[in-house]
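In what follows, chains carry the letters A, B, and so on, assigned in the order in which the sequence lines appear, proteins first and then strands, with residues in each chain numbered from 1.
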Protein chains: 4
Amino acid sequence: MVKPRIDEEYVQMDAVDWQLFPDAFSAGGIRWKLLHVSPESGEWTAIYDCPAGSSFNAHIHVGPGEYFLTKGRMDVRGGVDEGGSTAIAPGYGYESCNARHDKTNFPVDSEFYMTFQGPLQFIEEDGTTIAVIGWEQAQGAWDALTGATAKAAE
Amino acid sequence: MVKPRIDEEYVQMDAVDWQLFPDAFSAGGIRWKLLHVSPESGEWTAIYDCPAGSSFNAHIHVGPGEYFLTKGRMDVRGGVDEGGSTAIAPGYGYESCNARHDKTNFPVDSEFYMTFQGPLQFIEEDGTTIAVIGWEQAQGAWDALTGATAKAAE
Amino acid sequence: MVKPRIDEEYVQMDAVDWQLFPDAFSAGGIRWKLLHVSPESGEWTAIYDCPAGSSFNAHIHVGPGEYFLTKGRMDVRGGVDEGGSTAIAPGYGYESCNARHDKTNFPVDSEFYMTFQGPLQFIEEDGTTIAVIGWEQAQGAWDALTGATAKAAE
Amino acid sequence: MVKPRIDEEYVQMDAVDWQLFPDAFSAGGIRWKLLHVSPESGEWTAIYDCPAGSSFNAHIHVGPGEYFLTKGRMDVRGGVDEGGSTAIAPGYGYESCNARHDKTNFPVDSEFYMTFQGPLQFIEEDGTTIAVIGWEQAQGAWDALTGATAKAAE
């Protein structure tokens with residue numbers, strides 16, 4: 001019953017290979033590195049490499065998220081021309097709980113780091129849920145891509 | 001840009017009328033009182049009155065939740081006979097992030113208070129998402145039931 | 001690297017003995033039961049039994065907290081007569097992040113359940129910090145009172 | 001009583017001037033930009049510019065924090081030579097709830113972005129609390145440095 005403190009973690013980011021982000025949820029060759037998952041609270045952290053012309057499919061941020069755009073440009077919620085935000089590196093953004101992102105586009109080669117509190121709910125145009133992607137699904141996808149489970153079992 | 005501190009809140013619980021919980025998500029006449037929503041973090045708090053024989057439909061706790069059963073009995077995740085928990089008042093339970101509750105039944109008249117971090121994802125037996133019910137949907141349902149929006153607009 | 005889901009928990013509350021709450025932080029014989037700690041997020045949950053005339057020493061809620069007063073009366077932040085809240089069972093309260101409680105008094109025998117996000121910072125009248133009591137300190141105090149660590153080591 | 005959704009935020013980071021981080025809590029000329037505060041949950045986000053030879057004073061992370069070191073090198077908890085972590089850009093770190101950082105040093109010019117859940121508790125060597133710095137104190141310090149309050153009042 002006596003619970004220990006959670007361990008600290010460190011990831012040497014340039015020692016981790018980029019993996020393709022599932023094309024069920026993105027287009028144009030977006031790649032990612034999963035950096036951390038928090039099974040208790042459901043938070044997770046990743047960095048994304050987004051080639052010019054790439055985009056994420058429509059989704060709702062079920063909990064708040066924060067991004068740090070380190071390279072390029074990101075049009076969020078349609079970009080400033082459509083009432084959303086246009087981030088230009090170096091840019092910081094806070095996406096609030098239940099923010100709906102119908103369009104997230106990268107007009108130039110871009111990179112951003114993001115902390116997520118809770119899942120992304122990918123949706124159809126009419127709002128129907130396609131999938132709810134939280135820490136567990138993110139970890140599962142990452143493990144499948146990198147073979148972590150297989151290695152752990154050897 | 002300078003943000004104020006959030007206000008404290010107090011609810012005299014016996015001065016609030018019970019409302020029927022939507023029967024899209026429950027059966028047997030469950031009633032509730034929504035006590036609090038946290039728009040920033042997506043947390044919400046409610047108390048439920050569950051007649052003998054009532055139940056909640058299958059759902060996933062997208063974030064962790066904690067309950068305090070003040071009256072009666074609640075069979076969670078099928079109850080102890082099926083590998084879940086059987087709570088008997090006074091009982092406390094921690095439902096972890098991503099806990100799946102295919103069956104939550106109340107064999108006798110029961111009452112419980114619960115704090116939710118993030119939404120409930122109601123699902124079909126095959127896992128298909130029916131609805132994701134978070135602070136905003138809970139508040140919307142409560143407002144519709146109690147006419148809060150209409151009163152605010154008068 | 002692959003993290004498991006957190007376990008669910010259940011506590012049969014009437015099977016746990018009340019323990020005296022440390023008198024460094026309270027007066028008048030307050031007793032408690034620690035129900036849960038969340039080492040990752042720093043949250044913790046407890047129920048308090050507060051005899052008539054008892055009180056908590058001055059403290060700041062470093063994160064938000066929610067209480068459910070199941071019995072009696074609690075004067076929070078001095079009570080309504082001094083601009084605070086007076087809770088009468090059954091009452092619900094949301095104490096926001098950084099709420100300062102110079103006086104929390106129980107004029108009659110009372111009981112409340114509370115979820116804490118983050119620690120309590122006990123302070124002197126001039127604001128000097130006496131102690132910061134979070135999940136880890138709460139667990140340590142509870143273990144010392146109940147001998148949990150000793151039992152675990154047997 | 002009907003609460004609105006929280007607004008999204010965007011900060012063009014290179015349009016914000018660096019400010020000196022209070023020397024009560026650091027040495028060697030560390031500068032910062034406060035990017036976000038969350039009054040409800042007590043979270044806050046900042047980026048730090050740390051010249052060669054600079055350091056943070058001893059502190060405890062009262063809640064978990066995550067950093068993204070974008071430039072240079074950071075010796076955390078004494079660095080790897082003393083059982084801690086040594087981050088080399090680009091590096092990601094998760095500092096868990098209650099992690100104690102007696103020494104955080106920057107041997108070369110460095111920069112890191114960090115999200116904090118809850119406050120930093122700055123301490124003396126013997127553990128005595130000097131100050132608990134959360135979203136509200138961070139915002140207050142930032143406002144004093146940038147004159148935000150004064151501007152808002154004009």
Side-chain angles (χ1 to χ4, degrees), chain A residues 3-16 33-38 40-41 43-47 60-61 63-71 74-77 79-80 83-101 111-117, chain D residues 3-16 33-38 40-41 43-47 60-61 63-71 74-77 79-80 83-101 111-117:
Chain A
K3 295 184 186 173
R5 203 181 280 187
I6 301 292
D7 286 339
E8 282 86 13
E9 299 172 14
Y10 179 68
V11 177
Q12 189 58 51
M13 291 164 71
D14 48 355
V16 177
K33 300 180 184 186
L34 181 64
L35 300 171
H36 171 77
V37 297
S38 284
E40 189 196 276
S41 62
E43 300 170 359
W44 49 295
T45 303
I47 189 164
I60 294 170
H61 284 261
E66 296 174 86
Y67 64 78
F68 174 16
L69 183 75
T70 51
K71 190 178 81 176
M74 174 163 61
D75 289 321
V76 185
R77 287 167 278 116
V80 285
S85 295
T86 291
I88 297 170
Y92 164 86
Y94 178 82
E95 293 301 313
S96 53
C97 188
N98 289 14
R100 178 168 170 163
H101 288 196
E111 189 178 88
F112 73 99
Y113 165 93
M114 191 155 186
T115 49
F116 299 90
Q117 297 190 23
Chain D
K3 295 184 185 173
R5 205 180 278 186
I6 301 292
D7 285 339
E8 282 85 13
E9 298 172 13
Y10 179 67
V11 177
Q12 189 58 50
M13 292 164 69
D14 47 355
V16 177
K33 300 180 184 186
L34 180 64
L35 300 170
H36 171 78
V37 297
S38 284
E40 188 195 279
S41 62
E43 301 171 357
W44 49 295
T45 303
I47 189 163
I60 294 170
H61 285 261
E66 297 173 85
Y67 64 78
F68 173 16
L69 182 75
T70 51
K71 190 177 82 176
M74 175 163 61
D75 289 321
V76 186
R77 285 168 279 115
V80 286
S85 294
T86 291
I88 298 171
Y92 164 87
Y94 178 82
E95 293 300 314
S96 52
C97 187
N98 290 13
R100 179 170 169 161
H101 287 196
E111 189 179 86
F112 72 100
Y113 165 94
M114 190 155 186
T115 49
F116 299 90
Q117 297 190 22

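Ranked by non-hydrogen atom pairs under 4.5 Å with chain D, the options A:G91, A:G93, A:A99 are led by A:G91. Each of D:L69, D:I88, D:I47 has some count of heavy-atom pairs under 4.5 Å with chain A, and the biggest count is that of D:I88. Chain A forms more heavy-atom pairs under 4.5 Å with one residue of D:R5, D:E43, D:E95 than with any other, namely D:R5.
Considering only heavy atoms from C-beta on, D:T45 stays 4.5 Å or farther from A:F68 through its side chain. A 4.5 Å side-chain heavy-atom check between D:Y94 and A:I6 finds at least one atom pair inside the cut-off.
Atoms CD and CD, from D:Q117 and A:Q117 in turn, are 5.0 Å apart once rounded to the nearest 0.5 Å. One finds the CD atom of A:E40 at 9.0 Å from the SG atom of D:C97 (value rounded to the nearest 0.5 Å).
Among A:F112, A:Y113, A:Y67, the one residue that satisfies the ring pair (Phe, Tyr, Trp, His ring centres under 6.0 Å) test with D:Y113 is A:Y113.
Contact of A:Y10 with chain D is made through backbone and side chain together, with heavy-atom distances under 4.5 Å. In this structure, chain A has a heavy atom under 4.5 Å from the backbone of D:T86, while its side chain stays farther away.
One N or O on the side chain of D:Q12 and one on the backbone of A:P90 form a donor-acceptor pair closer than 3.5 Å.
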